[in-house]
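Order of listing sets the numbers, starting from 1, for every ligand and every atom in it.
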Amino acid sequence: MKTTNDLLSRIQRLMPAGVQPMFKSAEELMAWQQEEGRKRTAELEKQNQRARSEKIFGRAGIQDLHKHCSFSNYQVDNAGQRKAMSMAKSYAHNFGTGFTSFIFSGNPGTGKNHLAAAVGNYLLHHGHTVLVVTIPDLMLRVRACYDGDQSEAALLDDLCKVDLLVLDEVGIQRGSTGEKVIINQVIDRRLSSLRPVGILTNLNHPELSATLGERVMDRLQMDGGMWVNFDWDSHRKNVRHLRAVK
Ligand SMILES: Nc1ncnc2c1ncn2[C@@H]1O[C@H](COP(=O)(O)OP(=O)(O)OP(=O)(O)O)[C@@H](O)[C@H]1O
Ligand SMILES: [Mg+2]
């Protein structure tokens with residue numbers, strides 16, 4: 001420490017007048033080095049998470065189909081869409097202040113994936129890790145664990161490490177016990193380690209409760225958890241109509 005201080009004071013004597021040194025003591029220099037080291041470790045951890053998610057799902061983050069989705073290209077034509085957009089925006093802007101989860105529930109083609117991807121793209125842009133995965137895709141990976149080189153525990157571990165995990169198409173294959181167990185395990189593990197989950201589903205509240213169980217439902221809605229109803233007509237019809245008019 002003494003030699004570092006000596007070195008710093010020698011450098012200071014050589015500096016032209018008016019130039020402020022970045023560090024005045026060895027302690028300040030060490031604190032800076034430690035902070036830089038901490039930042040580098042956090043960045044490496046994020047890079048690892050991305051690499052692991054790429055290895056498991058062949059991609060990191062958001063499916064190609066929804067990479068272009070943002071808040072600015074979400075069209076608002078009714079009060080429901082306005083509310084959904086404002087809730088999704090507020091979720092993205094407040095991310096990290098708690099561990100709130102969200103559930104987007106409703107009709108096909110109403111923009112659940114669009115707004116979830118808008119949240120995800122915003123978070124990715126702000127340095128968070130995000131993974132959107134459909135339940136059928138997740139089940140494929142779980143099954144692959146049985147004859148592959150990865151254990152199911154390691155897969156669950158990876159799913160629990162991303163900052164935001166969005167489970168898409170929850171309830172499409174209702175009834176399979178194995179699937180319910182996996183979904184429950186993933187949600188339970190994440191919520192226990194204070195990591196949020198997003199759920200996209202066509203099921204309504206009682207149907208989702210029956211699929212996930214009351215306990216998981218309660219935990220998802222704890223700490224200001226968001227439930228957003230998407231109860232308007234499909235946007236896909238508009239797109240088809242526009243194509244027909246052209
Ligand atoms: N309000 C909107 N403004 C612009 N594009 C929209 C809007 N709503 C939906 N879309 C677009 O319509 C398509 C279907 O939307 P999306 O995939 O988000 O529906 P979804 O609610 O997830 O449907 P599903 O329940 O069938 O999965 C997407 O290409 C999406 O970008
Ligand atoms: Mg969808």
**Asked** Does any N/O atom on His68 come nearer than 3.5 Å to any N/O atom on ligand 1?
**Response** no

**Message:** Taking the basic N atoms (NZ, or NE/NH1/NH2) and the acidic carboxylate oxygens, is any pair closer than 4.0 Å for Arg40 and Glu43?
**Reply:** no

**Contact (N/O only, under 3.5 Å) between Gly109 and ligand 1** = yes

**Asked** In terms of ring plane angle, is the pair Phe71 and His93 parallel, tilted or perpendicular, where the classes change at 30° and 60°?
**Response** perpendicular

**Request:** Pull out every atom of ligand 1 sitting under 4.0 Å from any heavy atom of Gln81, numbered as shown with elements.
**Result:** 1 (N)

**Asked** By number and element, which atoms of ligand 1 are closer than 4.0 Å to a non-hydrogen atom of Asn202?
**Response** 25 (O)

**Prompt:** For the residue pair Asn202 and Asn107, what are the closest heavy atoms and their distance?
**Reply:** ND2-C, 3.9 Å

**Prompt:** Where does the angle between the aromatic ring planes of Tyr74 and His114 fall among parallel (under 30°), tilted (30 to 60°) and perpendicular (over 60°)?
**Reply:** tilted

**Request:** State plainly whether the residues Arg189 and Asp157 are in salt-bridge range, i.e. N to O under 4.0 Å.
**Result:** yes

**Prompt:** Under 30°, 30 to 60°, or over 60°: which ring-plane class applies to His128 and Phe95, parallel, tilted or perpendicular?
**Reply:** perpendicular

**Prompt:** Can you list the atoms of ligand 1 that are under 4.0 Å from a heavy atom of His66?
**Reply:** 17 (O)

**Prompt:** Which bit of Arg236 is near ligand 1, meaning a heavy atom under 4.0 Å away: side chain, backbone, both or neither?
**Reply:** side chain

**Request:** Between Asn73 and ligand 1, find which residue part has any heavy-atom pair under 4.0 Å and reply side chain, backbone, both or neither.
**Result:** backbone

**Message:** So for Phe230, does at least one of its heavy atoms come nearer than 4.0 angstrom to any atom of ligand 1?
**Reply:** no

**Message:** Salt bridge or not between Arg10 and Asp6? Use side-chain N to carboxylate O under 4.0 Å.
**Reply:** no

**Item:** Pairing of Arg219 and Asp188 as salt bridge, 4.0 angstrom limit
**Value:** yes

**Close approach of Leu200 to ligand 1, heavy atoms, under 4.0 angstrom** = no

**Prompt:** If you measure from each non-hydrogen atom of His235 to ligand 1, which part falls under 4.0 Å: side chain, backbone, both or neither?
**Reply:** side chain

**Item:** Polar atom proximity, Cys69 to ligand 1 (N or O, under 3.5 Å)
**Value:** no

